[in-house]
Each structure stands twice: as C-alpha cells, then as structure tokens.
Amino acid sequence: MARVALWLVAAVLAIRQMAHVLRLPPGQRLTDLETWTGVNSVDGVNGVNGVLHVKGSLYDKEHFTGTPFAGLVLKPLTHSAEKALGVAWTFSTLLLVAVIGVIVARALPGPVSRRSQLLAAPVAISLLMVSLPVRNALTTGQTSIIPVLLVLLGCFAVRGERGSGVLIGIAAALQPTVLLFVPLLWLTGRRRAAVTTAGTFAAATALTWAVMPHDSWTYWVHHVAGAGLGARADSLANQSLHGALLRLGLEGPLEIALFLVLAAAVVFLGLRRAVRYARDGQLLLAVALTGCVAVAVSPTAWQHQLLWVLLAMVGRVGAKARDRLAWPAVVVLVMTLPGTVLLPNMSALYAIRDNVPLLTALVAACAVPFLPRTAEHFRAPVPTEYGTSVPARWSRIPLLPFWRRVLSRPNLLMELLVIRVGYSAYSHIRLAASAGRETAQAHGRTVVSIERALHIDIEHWANHSIQHAKWLLSFFNFYYETFHFIVPLTILGVLYVRRPADYRWARSALGFATLLGLVGFWLFPLAPPRLMPGMGFIDTVHGPQDLAHPEYGPMTQVTNQYAAMPSLHFGWSLWCGIVIAVVAPKLWMKALGLLHPLFTVCAIITTANHWVLDAIGGATVVGAGFALVHVLAGPRGIQLPELPGPRATTWGGTAMPAGRAGSGSGASK
C-alpha cells in the first residue's frame, strides 16, 4: 500500500508539472527551446525565427548557450510544429526524469533491504520532480537532464566499458564539464571506458568542427567553452565559483587567477574523494561528487544544471540514528527551496544565502564525511534512546502515543533548518492571510463591542496614559520590538543544551500554538487598535499612519497588518513564562520568567498593537498547544532508564538514579 501510494504521488507530481508548463502562455513556456527552434521565441515576436533556423552563427545573438554539438543535435527539431513540440518535449523530459529516478533507486549503495528498494524509485522520482533544477529545465525547455541521464546509464545500465564510454562521451559533448568523469573512470580501473569517453567527445567535437567550423570557433575559442554565453556570469542564477567570485566584487586577472586556483583545489579534493567512495562500492555517491565538482568549477552553472547536487543525498553521514537524516534533508531543502527561505534576510548572510547551492556542492565534494561501507555504523546506526512516558494523571484523556519521548538532543542542523523553514512558511502564510481592510476593520469594531460589554476595553486609556510617562513609553516600545524573538530563541537554546527532553516538549508546544495562530489569522483577520480610523489611538512604535490609504507604513510590506487575533506576540511570551516556570530550578527564576508575559501584554496594549481579546486569544492557542502535546505524547515527565547507583532522586515526578540527578536531562541522556 505504501508503494502504491508513493507511485501515485510521483504520478500526480509529474502530471502537475506537465500541466503547469503547458498552461503557461507561449512566451513564458519552454523559452530556451523556442528561442532555439521556433518562431515563438523572443525574436519571433518581430517575425524572426529561432536561432537554429537562422543561416549563420548560432551565437550571433547569444540566445543559444549549448555546445555546437547540441545545436547539431537540435537542428532536426526546427521542422516540428510548436504546440506538438512543446507537448512532446515536456512529456519526454518527465519520462527521462522518471528513468533517472529508477536508475538511482537501483544504484543505491548496499546493503539495502528489499522494502527500501521497492520504495526508493517513487521517492526518488518525487524528489526529482519537485527539485528546482527539474522544474527550471521543464519551464525553459533545457537539455541539462540528458547529460545526467547519459552518465547514469553509462555507469549503471550499460554492460561493457566501451558502451559506457560512448554514452559518457556524448554527455561530455553536450556539457563539457562531464569530462571530469574521465579521471574518475581511469583511477577506478575502468580505463577503456575513460579512453572511449575521451575519444567519443573528441569525435563529436571534431564532427561539429567539420560541419560548423565558425560556430565551433565562436564557442570554444571566442567564448572560452561557452563561458561568455547566456545571462551575466555574476547573476544569482550562476551557481559556480566563477559566479560567486564575481558577486563578491572580484574582477579581471585577479578573479581569473583565484578562480583557477580554487577550481584546481576543488577538482583535486573532490575527485580524490569520489575515487575513494567508488572503490568502496559507492559508485552512485562517487558520480554525484564528481558532478558536484563539475558544478563548482564550471565557468557557468545555471539552475537547471544543478541536478548533480541532489544526487549527493545518497551518502550516509553520522553514526547515530538521529543524525542520519540531516544530510539528505539539507540537500532536499537546498534543491527545492530558494535561499531566501533557508536563511533570514540579513545583510551579513547575503554572501551565504546567494550561494547556497554552490556551497552545498562544495561541501558535498570536499568536506562532508560520508561513511564508508566498512564503517561500523554504515548499516546499523546507533539507535535513539527513548524514555518511558509517565502514566497520565487524568485517565479519561485518550493518550495517543504518536511519538515517543527522546532523551538525547536532536540534530542541531536539522533543528535550525526546521525552525528557519517553519518560520519562513509561517511568515508567508501570515502575509497571505488577509481578507481586506474593510473586513479587518469590521472585525475590529466587533471586538470593541465585545470588550465594552465585558468592561475590559482599556486599550484607549492605556495608550493615552502612557504618553505622560516618556521613559515608560520608550521602555515598552523597546520591549515590543526587541524581545519577541530573543527570549524564545534563548530558551530553546538553553533547553537544547541542558535539557534535551524538555526541549522537544517545549518546541512541540510552541509549534502547535503557532499553527493554531495561523488558523486564527485566516478565519478572523483583525485590524489592531492603531489601524482603526476614528478611534484616536496613537501608534507609538511605527509613528503616524495614513488610515485613509491601504499602505499604512513601512511594516505593511513585510508583515500582515491584520494578523492580530490571536496575539502570538503575547502567546510566545506566555509560552516562555510557562516553560521557565516549569523547568527553572529556583523560585526566583520562575518569578523572573513570569515577568516576560506581564511586560509583553502591557507593551502590546499600551502601544496600540493589540486588543485585550487578542492577548486572550494568544493565551488560548498556547494552552491548546501544550494540551495537544499532552494528548499526543503524554505528560511532560518521563521514566529514565535505570542505572546502577547508591540512591535515587526524582525528576519530572518520577524516580531517577542518583547518577543522573545532577544533569537534569542534559548531554548524558
């Protein structure tokens, strides 16, 4: 059933990708292919055919970025009807992607269980379908998937070194950096395949020199193997060392010299590691690492050429089970999400954010310590240690043990990725959850009516009273803008280091509360007091707002102004206070922690950013978050494994050996 479900998912993704491409207007789908072969290219608007129709050089207008051999191969397509060609090209590309997925599934480094083999193919195809390189290749009509497929066929499907070399040689004729597989083949004992690869590449290139001498000269000499073709080399789309150095501001001979030195180092280290893993029996990993080297050292490596990086996820990293999924998760996220989602919008991180695929390729090729098959934990990683849940105090609550309490701290990289991607998704959903100004203001008037009926409408009084105490006003403005993220992240960091089990409990509760908050934003868009016209509120944080215009101020562009109910500003602070009150060992620490939600609720009301009912809503979703964790995983306390010791103490309401009393739930667990 799982296998059928996964194949259905892969089929749905393929159909969705094909439908997405074919629904695009003619000027936006298969743009590169039409620029080469059809009349609906960029120049076709003015009645000029694609560059493969034009008599003369393929590179006169620099729309064609492939090798002369690729132009020779694509020439027959110029007589195809545009609509039929689009459907056939898209379907063929999806079919090639499926073949790649099947080959990858069969080439996984063993030992692999039969169940994993059965499930690997649909999973691989699904990951390929959602990856940025495949999506980009489908939209633009690029041929970059073909060299990858030819290399995989040559390494894993074709019997005989001669046939293998022919396929890889043709791939190199289409994408010259594939020639890096020649030393890989040679150094791993497949010398006939290496010689055949080089010979096939030379023969294909010589053929194009004979048929298209001017184009060959333009590509190989004038443009230095195509380095000067296509978009600007310093654009974010060029994920190569050359592009990164240009984006850092280096130019001229210095940049070229530095690029050559770095490229030589990457080739040496990357191919050395690839040869080592190939000899170890992990040929697929070796192929992926060689492809990552090709991405890094190529003068231009566009998004549709980065499929090699996704293949690098087959390597196994980490001796512990909790670390085994970290590397595949990093690769999948990098290859499916833009850098703006993976890293925050901070100027200090621009150099990393703009080069995330390149950095992933570099660390895969040169740094990631993949386990050899002879390693002790290659097949059986160190298992995760679980604690036994404490019986519930309320027997009528139907505990659903969907997960077990883990004693050891989770993988740090995975946690950072989950927090960052989760918050990015939260921000995008929050920004989109707006039903319009009129609806939000109508809900605001409803809230005012309810608060007046309950005699809790203190917002106007608090907002104007604070104006007479400038020092207090400055304090609450600073508190509102500063501590919303600092305090929760600090608590999570301390729990991660000192109390791993409590970290998971607290993190899960915060996640559930945030998800419930998003539901509130969708169902009840609400204007805060500062954006309610005619009520006389003063926006002490953002300054005067033009309430007659939809754009109220600088914050309008970065956040949804009508996501006020529930107040996660107060909800997160209440979560902080509860966690500190529960886990802090000293009474004064508990009291100090409870000051944070108190100061926060004062800040959000006096600054006119929330209603009192918003704070009540925030408290409700936080309480629901803790309740969901309790229902799904049981009470916070856990029964620790017994260790020999002279006496026992308690932790979380349960008996605990003395040897663990001093460390709480820290590193020893």
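The closest donor-acceptor contact from the side chain of R316 to the backbone of L371 lies at 3.5 Å or more, if one exists at all. The backbone N or O of M414 sits less than 3.5 Å from a side-chain atom of N411, completing a donor-acceptor pair. Of the possible donor and acceptor atoms, one in the side chain of S131 sits under 3.5 Å from a partner among the backbone N and O of L128. Looking at Q17, its side chain never comes within 3.5 Å of a backbone N or O of R135 through a donor-acceptor pair. The backbone N or O of V612 lies less than 3.5 Å from a partner atom in the side chain of E451, making a donor-acceptor pair.
If you take NE2 on H455 and CZ on R452, they are separated by 12.0 Å, rounding to the nearest 0.5 Å. To the nearest 0.5 Å, atoms CD1 (I15) and CE (M129) are separated by 10.0 Å. Taken from CD in E459 to CG in N609, the straight-line distance is 12.0 Å, to the nearest 0.5 Å. Taking CD1 of I605 as the reference point, atom CZ of F476 lies at 10.0 Å (rounded to 0.5 Å). Taking CG of L306 as the reference point, atom CG of L311 lies at 11.5 Å (rounded to 0.5 Å). The structure places CZ of R530 at 12.0 Å from CZ of F537, a figure rounded to the nearest 0.5 Å.
For the side-chain hydrogen bond (donor to acceptor under 3.5 Å, both in side chains) test, residues two or more places apart in sequence or in another chain that qualify with Y350 are N345. Partners of R507 according to the salt bridge (charged side-chain N to carboxylate O under 4.0 Å, His left out) rule, which considers only residues two or more places apart in sequence or in another chain, are E415. For S126, the side-chain hydrogen bond (donor to acceptor under 3.5 Å, both in side chains) criterion is met by no residue, not counting sequence neighbours.
Looking at W505 and F626, their side chains come closer than 4.5 Å, going by heavy atoms from C-beta outward. Between R445 and M532, the closest side-chain pair of non-hydrogen atoms falls below 4.5 Å. Looking at heavy atoms from C-beta onward, V448 lies out of side-chain contact with D457 at the 4.5 angstrom threshold. Contact annotation: the side chain of L526 approaches that of V447 to within less than 4.5 Å [non-hydrogen atoms, C-beta and beyond]. Between P410 and Y503 the shortest side-chain heavy-atom distance falls below 4.5 Å. At least one side-chain heavy atom of T514 sits under 4.5 Å from a side-chain heavy atom of W572. Proximity of L307 to V134: side-chain heavy atoms (C-beta onward) are separated by under 4.5 Å at one or more points. The shortest side-chain heavy-atom distance between F483 and F478 falls under the 4.5 Å cut-off.
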Indicate every side-chain donor-acceptor pair of residues 577-599 with a distance under 3.5 Å to a residue at least two apart or in another chain.
from	atom 1	to	atom 2	distance (Å)
K590	NZ	A581	O	2.6
K590	NZ	A584	O	2.8
H596	ND1	Y479	OH	2.7

Atom pairs and distances, side-chain donor-acceptor, residues 563-570, under 3.5 Å, sequence neighbours left out:
from	atom 1	to	atom 2	distance (Å)
S567	OG	F570	N	3.1
S567	OG	H610	NE2	3.4
H569	NE2	Y480	O	3.0

Would you list the atom pairs, donor with acceptor, under 3.5 Å between side chains in residues 325-337 and any protein atom, with sequence neighbours excluded?
from	atom 1	to	atom 2	distance (Å)
W327	NE1	A312	O	2.9
T336	OG1	V332	O	2.6

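Taking both residues in full, the closest heavy atoms of A361 and V309 are given as CB-CG2, 3.8 Å, listed atom of the first, atom of the second, then distance. For the pair H377 and A380, the tightest heavy-atom approach, listed with the atom from each and the gap, is ND1-O, 3.4 Å. Nearest heavy-atom pair, L284 versus V104, reported as atom, atom and distance to 0.1 Å: CD2-O, 3.7 Å. Annotation for A608 and I538: closest pair CB-O, 3.7 Å, computed over non-hydrogen atoms. Summarising the geometry of R353 relative to V356, their closest heavy-atom pair is O-CG2, 3.5 Å, with the distance given to 0.1 Å. Listed here is the closest heavy atom pair of T607 and N463: C-ND2, 4.0 Å.
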Worked check of side-chain contact (heavy atoms from CB on, under 4.5 Å) between I604 and D614: CA-CA 10 Å; I604 63 175; D614 296 344; 5.8 Å; no
side-chain contact (heavy atoms from CB on, under 4.5 Å) between V317 and D323, worked out: CA-CA 7 Å; V317 183; D323 300 328; over 6 Å; no
Candidate pair L613 and I456, rule side-chain contact (heavy atoms from CB on, under 4.5 Å), full reasoning: CA-CA 9 Å; L613 284 181; I456 58 174; 4.1 Å; yes
